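All of these numbers come straight from a predicted model, not from anything done at the bench. Atoms considered below: every heavy atom in the structure, side chains included; atoms not considered: hydrogens, waters and symmetry mates. Index from 1, following the sequence.
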Amino acid sequence: PGSWSGTGKIRVQGQNVERLRCRANYRPRGSSGREIDLQLSCDSDSYKFDLAGQFTADGNKISGRWTESSRNVGGTANGTIRGDRLEIHIESSAFSAGLSMATKGKQQQISFDAHGGGQVVDSSITLRR
């Protein structure tokens with residue numbers, strides 16, 4: 001839980017790689033210790049996304065819902081937890097993405113590849129507390 005920030009790279013198909021600047025906030029929800037709200041905002045010179053989600057862990061499975069406000073899309077998220085790594089598939093009717101997140105101490109590595117809206121996007125981000 002808490003606030004994280006960092007940088008990364010993003011490549012939109014057909015465009016040059018750009019540097020991303022990102023902020024994330026993770027807030028536990030409920031008393032079970034298995035629910036968390038996420039806000040992740042990143043931007044580069046020509047790309048921006050604002051992701052919010054509500055996720056629940058059940059054993060080694062994770063599920064939830066997400067919205068991306070700059071594109072007005074949202075959908076479901078399902079994945080697995082293996083130690084310090086999350087592997088999540090997110091989708092909506094016009095968008096899908098694979099997301100991998102590993103947390104070690106005060107550092108997170110996030111990578112995703114997204115397809116939808118006529119774009120293919122690959123990104124890697126390093127966040128720190």
Side-chain angles (χ1 to χ4, degrees):
S3 296
W4 300 66
S5 62
T7 60
K9 295 179 181 177
I10 188 164
R11 183 182 64 81
V12 178
Q13 187 177 25
Q15 297 179 16
N16 292 327
V17 173
E18 294 185 18
R19 182 173 180 248
L20 276 175
R21 296 158 301 279
C22 300
R23 294 174 317 281
N25 188 31
Y26 301 94
R27 188 176 60 241
R29 182 172 25 97
S31 60
S32 69
R34 299 180 311 140
E35 299 173 293
I36 195 160
D37 292 339
L38 159 70
Q39 291 181 316
L40 175 63
S41 178
C42 294
D43 59 60
S44 71
D45 289 340
S46 66
Y47 196 85
K48 178 179 174 75
F49 64 90
D50 236 339
L51 179 72
Q54 300 81 39
F55 303 97
T56 302
D58 186 9
N60 68 341
K61 303 286 185 198
I62 189 165
S63 61
R65 304 220 27 99
W66 62 273
T67 58
E68 201 289 312
S69 61
S70 67
R71 290 167 184 77
N72 198 29
V73 296
T76 59
N78 293 290
T80 57
I81 304 166
R82 290 192 178 94
D84 62 2
R85 180 172 296 278
L86 300 174
E87 299 288 339
I88 301 172
H89 177 78
I90 62 175
E91 64 181 56
S92 72
S93 60
F95 174 87
S96 68
L99 180 125
S100 176
M101 178 188 294
T103 304
K104 292 185 181 181
K106 294 183 177 185
Q107 181 171 302
Q108 275 184 346
Q109 293 292 129
I110 302 170
S111 61
F112 69 87
D113 63 288
H115 307 270
Q119 290 184 322
V120 176
V121 177
D122 294 307
S123 181
S124 61
I125 304 164
T126 300
L127 299 175
R128 291 180 177 81
R129 285 178 22 125

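Shortest non-hydrogen contact noted between Ile81 and Ala57 is CD1-CB, 3.8 Å. Taking every heavy atom of both residues into account, Arg71 and Lys48 meet most closely at NH1-O, 2.8 Å. Nearest heavy atom pair, residue Gly30 against residue Glu35, reads CA-OE1, 4.0 Å. The nearest pair of heavy atoms linking Gly64 to Phe55 is CA-CD2, 4.0 Å. The minimum heavy-atom distance between Gly74 and Ser92, with the atom names listed, is O-CB, 2.9 Å.
Residues Gln107 and Arg128 meet the side-chain proximity criterion, which asks for heavy atoms closer than 4.5 Å. Using a 4.5 Å cut-off on side-chain heavy atoms (C-beta onward), Leu99 and Ile90 make no contact. A heavy-atom distance below 4.5 Å is found between the side chains of Thr7 and Arg19.
Using a 3.5 Å distance cut-off with no hydrogens or angles, the side chains of Arg23 and Ser3 do not pair a donor with an acceptor. Defined by atom type and a distance below 3.5 Å, a donor-acceptor pair is present between the side-chain atoms of Ser41 and Asp50.
Rounded to the nearest 0.5 angstrom, His115 NE2 and Asp113 CG are separated by 4.5 Å. To the nearest 0.5 angstrom, Ser63 atom OG is 10.5 Å from Arg65 atom CZ. Residue His89 holds its NE2 atom at 8.0 Å from CG of Asn78, rounded to the nearest 0.5 Å. In this structure, the separation between CG on Leu51 and CZ on Phe112 is 9.0 Å, given to the nearest 0.5 Å. Here Trp4 contributes atom CH2 and Leu38 contributes atom CG; the two are 12.0 Å apart, rounded to the nearest 0.5 Å. Here Gln109 contributes atom CD and Asp84 contributes atom CG; the two are 11.0 Å apart, rounded to the nearest 0.5 Å.
Other residues, nucleotides and ligands contribute only 12 or fewer heavy atoms inside 6.0 Å of the CZ atom of Arg27.
At distances below 3.5 Å, at least one donor-acceptor pair connects side-chain atoms of Glu18 with backbone N or O atoms of Asp45. A distance-only check finds no donor-acceptor pair linking the side chain of Thr80 to the backbone of Lys61 [under 3.5 Å]. Not a single donor-acceptor pair under 3.5 Å links the side chain of Gln39 to the backbone N or O of Ala24. A donor-acceptor contact shorter than 3.5 Å links the side chain of Trp66 to the backbone of Thr76.
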I'd like to know whether Arg34 forms a side chain to side chain contact (heavy atoms under 4.5 Å, CB included) with Asp58, so could you lay out the CA-CA distance, the side-chain angles of the two residues, the decisive distance to 0.1 Å, and finally the verdict. CA-CA 7 Å; Arg34 299 180 311 140; Asp58 186 9; 3.6 Å; yes

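Results of the side chain to side chain contact (heavy atoms under 4.5 Å, CB included) test with Gln54 over Asp37, Thr67, Ile36 single out Asp37 as the only residue that passes.
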